[in-house]
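Following: one structure in structure tokens, then a few remarks.
Reckoned from all heavy atoms, side chains included, excluding hydrogens, waters and symmetry mates. By convention in this document, chain letters (A, B, ...) are assigned in the order of the sequence lines, proteins followed by strands, and residues within each chain are numbered from 1. These numbers come from a predicted model, not from an experiment.
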Amino acid sequence: MTYDGYFGASSAPLGGGQVTLPAATWTAIEAMATGTDSVKVSLTKISGTQVTGPITESWTIAQGEARGTIYYETYDSQILGGIGSVGIMKIQPGATVPTPVKSGCGNVCHTASSDGSTLVANTVLAFGSASYDLQTSASTIFAAGSEIFTYGGLYPDGSFVMSATNYRTWLDAPSRLYNTKTGASIAAPGWDGTITNAGTPSFSPDGKQIAFNHEDSDNGAGHTLSVMSFNLATHGFGSRVDVATDPAHTLAWPAWTPDVSSIIYHSGSNTAFETDDTSDAGVGTTGNVYVVDVASHTTARLDALDGYNPSGTTYLPANDPDLSFAPTVLPEAVGGYFWVVFTSHRSYGNTSPSKDNAGVNGKLWVSAVNIGATPGADSSHPAFFLQGQELTSDNLRGFWVLDPCQASGSACTGGDQCCGGYCSPVSGQYVCVSTPGACSADLDKCSTSADCCVASDQCINGKCGSVVR
Amino acid sequence: MAAAAVTRGLLAFLVSTLVVACGSGSTGFGSSDGGLMVPDGSTIVRGPDGSTIVRAPDGATFTEGPDGSLTPIPGKDASTDGTVAPGKDGAAPPGTDSATTVPFDAAPPPPVTACDLCVAAGGTCTGGVCTLSENPGNVAARPTPRSSGSTRTTRPSFRAASCRPRSSSAGRHPRQFGFTSRSPR
């Protein structure tokens with residue numbers, strides 16, 4: 001395919017010099033770029049009498065549609081009321097603007113369950129938190145008079161949460177399991193009496209493990225990420241295993257890859273797991289996103305995601321790496337890759353400057369991560385700006401989860417959208433069904449890779465998906 | 001620098017020229033078994049012999065001719081007899097278990113091809129190769145240099161002291177700040 005486009009000077013949200021490719025054109029380019037095709041982009045700019053360029057890049061187009069929803073925390077959103085506004089937004093692939101989920105003082109500090117059914121968040125600073133049903137426009141399930149849900153680690157189906165202790169919750173009580181429908185504590189043998197302070201806890205998408213910052217081990221310095229096995233039937237936990245330790249940095253926001261082989265996390269300078277230059281976070285806060293192989297405990301900085309060349313220099317145009325924080329991972333493989341959303345204070349071309357608003361305003365960026373990567377190697381790809389988020393607000397801590405599943409008979413584009421697990425044609429439309437066909441298409445339910453229609457597909461987190469090697 | 005992997009539908013960017021360079025052996029569509037999911041949920045994959053295969057979500061597969069026509073591939077179509085096939089996991093036929101079952105169409109809707117999308121964007125598609133040129137800026141084919149006049153407006157750099165939990169002083173949770181003195185351990 002060959003495409004030529006000529007664009008004139010244009011206006012744009014922050015003053016011009018930006019052009020948006022027509023949607024139909026972009027769709028055609030995506031459709032034509034398949035397999036291992038590379039999209040070679042060449043750009044020439046004419047300004048006055050000066051011609052600049054061409055500059056060129058090669059891109060890979062992942063063979064899949066972006067899925068799910070990203071829930072993120074925002075400050076100073078114009079949609080929520082401008083300077084001083086606070087809230088939680090959601091944004092879905094292709095959206096041009098985010099959708100408010102909750103707003104008002106204290107309605108931040110959230111997490112979402114990987115199945116997209118449940119959100120938990122703070123409600124009143126220091127005094128309250130709540131669980132919300134994402135299948136009913138985030139209606140309140142249970143409002144707690146404490147911060148038991150704030151930044152809690154939700155089980156994949158949203159039915160219970162491991163409370164986060166110490167910074168960002170400060171329960172003044174040990175971290176425990178709580179029922180998200182009733183707020184009742186749940187006895188957890190192996191955890192209760194063993195783990196006191198668990199920061200940024202995160203259950204694996206298969207529900208069989210939990211990762212957390214083990215603040216007990218270093219008096220709150222936050223230098224260690226630990227993992228424990230979990231038994232749903234007994235709510236029991238196994239022995240603690242430290243998978244990553246860095247005496248020089250705080251390790252936080254562990255996020256499991258869908259195949260539960262790796263954990264992606266941030267390694268930052270701030271003991272509050274914070275991401276920006278506010279007074280309590282400390283001016284000059286820095287951070288990078290890393291990955292650890294759960295089996296071997298081998299870590300690697302995700303150089304391409306973080307903005308580094310293999311040589312260690314940066315490829316970011318504003319020379320502003322080391323500003324990446326708080327990653328989460330879409331709990332399924334799409335287009336042959338895993339997908340990470342993270343907060344960064346890097347520049348975005350001439351749209352958003354580096355360390356915007358005196359280092360306070362972050363933005364959400366997305367990166368692909370290879371499936372089945374060699375432990376210790378950089379498995380990431382250069383990140384791209386998440387379209388649709390507001391440009392003038394501080395956007396951070398995106399939690400990327402599936403959409404709430406749809407009942408049989410609902411329209412669908414993949415089985416991952418269906419409670420029954422399959423998306424098949426019925427009466428001329430693709431709808432959710434609960435009965436498997438001869439084999440499972442991409443994103444349909446599977447038990448093993450042999451269930452998948454394409455022989456090279458893998459069954460990852462219960463869904464078929466291609467793998468790019 | 002490694003190539004960026006991007007998902008469709010998320011990017012907007014300034015582009016002058018785009019060339020999709022196919023992999024070795026490619027004739028326009030994909031060059032591996034990686035599939036392309038098109039908007040109706042069908043997937044285009046490369047067959048073992050290099051042919052282009054269109055696969056519907058129900059597993060039905062078709063070969064695509066140079067003109068975009070589709071021919072079913074026998075033995076891979078689980079949905080042309082109007083009933084739900086017994087599941088590969090041993091699930092009972094429709095009506096004999098508690099699962100939700102519905103009759104399948106005898107003829108699934110034809111998938112949208114990459115050429116369809118090329119034409120929809122205003123391009124021409126011949127032999128699976130798309131050619132697309134557009135000039136939304138009304139720029140001459142050999143553009144006369146002119147000023148872009150592009151300047152960026154600098155926004156005020158300030159932040160309101162608010163209920164932001166990490167930076168406000170009024171109403172902030174005493175336990176949430178001041179990490180020179182964290183909670184007793």
Side-chain angles (χ1 to χ4, degrees), chain A residues 1 3-4 6-9 15-17 19-20 24-25 28 30-37 40 42-44 46-49 58-60 62-63 66 83-84 93-94 105 125-126 170 220 278 280 315 357-358 368 381-382 387 408 413 423-426 430 434-439 441 453, chain B residues 1-10 12 14-23 29-34 36 41 57-59 78 84 87 99-102 108-109 114 117-118 121 130 132-135 137 139 145 147-148 150 152-153 157 159-160 162-163 166-167 173 175 177 182 185:
Chain A
M1 176 188 184
Y3 168 73
D4 294 296
Y6 303 90
F7 298 86
V19 172
T20 299
T25 299
E30 294 165 341
M32 282 291 171
T34 63
T36 56
D37 293 349
K40 296 183 179 179
S42 177
L43 170 65
T44 300
I46 301 173
S47 179
T49 59
S58 291
W59 298 347
T60 297
Q63 304 301 294
I83 297 296
C105 190
L125 290 182
W170 292 98
T278 52
D280 56 315
Y315 65 79
N357 194 20
H381 295 260
Q387 289 294 311
S408 292
T413 59
C423 180
S424 294
V426 176
Y430 284 91
S434 59
T435 305
C439 57
C453 297
Chain B
M1 184 179 74
V6 299
T7 55
R8 293 188 289 274
L10 285 176
L14 175 61
V15 171
S16 172
T17 300
L18 281 171
V19 177
V20 177
C22 298
F29 280 123
S31 58
S32 76
D33 59 1
L36 165 69
D58 65 345
V84 178
T100 300
T101 58
V102 286
L117 298 171
C118 171
C130 176
L132 177 56
S133 181
E134 60 189 353
N135 188 2
V139 179
S147 172
S148 65
S150 170
R152 185 179 184 282
T153 301
S157 178
R159 153 154 254 107
S162 67
C163 60
R166 60 172 174 263
S167 60
H173 191 329
R175 292 171 294 157
F177 302 93
R182 301 186 56 139
R185 297 172 191 278

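Between B:Cys118 and A:Ala28, the closest heavy-atom pair is CA-CB, 3.8 Å. B:Ala121 and A:Ala24 make their closest contact through CB-O, 3.3 Å (heavy atoms, listed as atom of the first residue, atom of the second, distance). Looking at every heavy atom in both residues, A:Ala31 comes nearest to B:Leu117 through CB-CD1, 3.4 Å.
Residue B:Ser133 holds its OG atom at 5.5 Å from OH of A:Tyr6, rounded to the nearest 0.5 Å.
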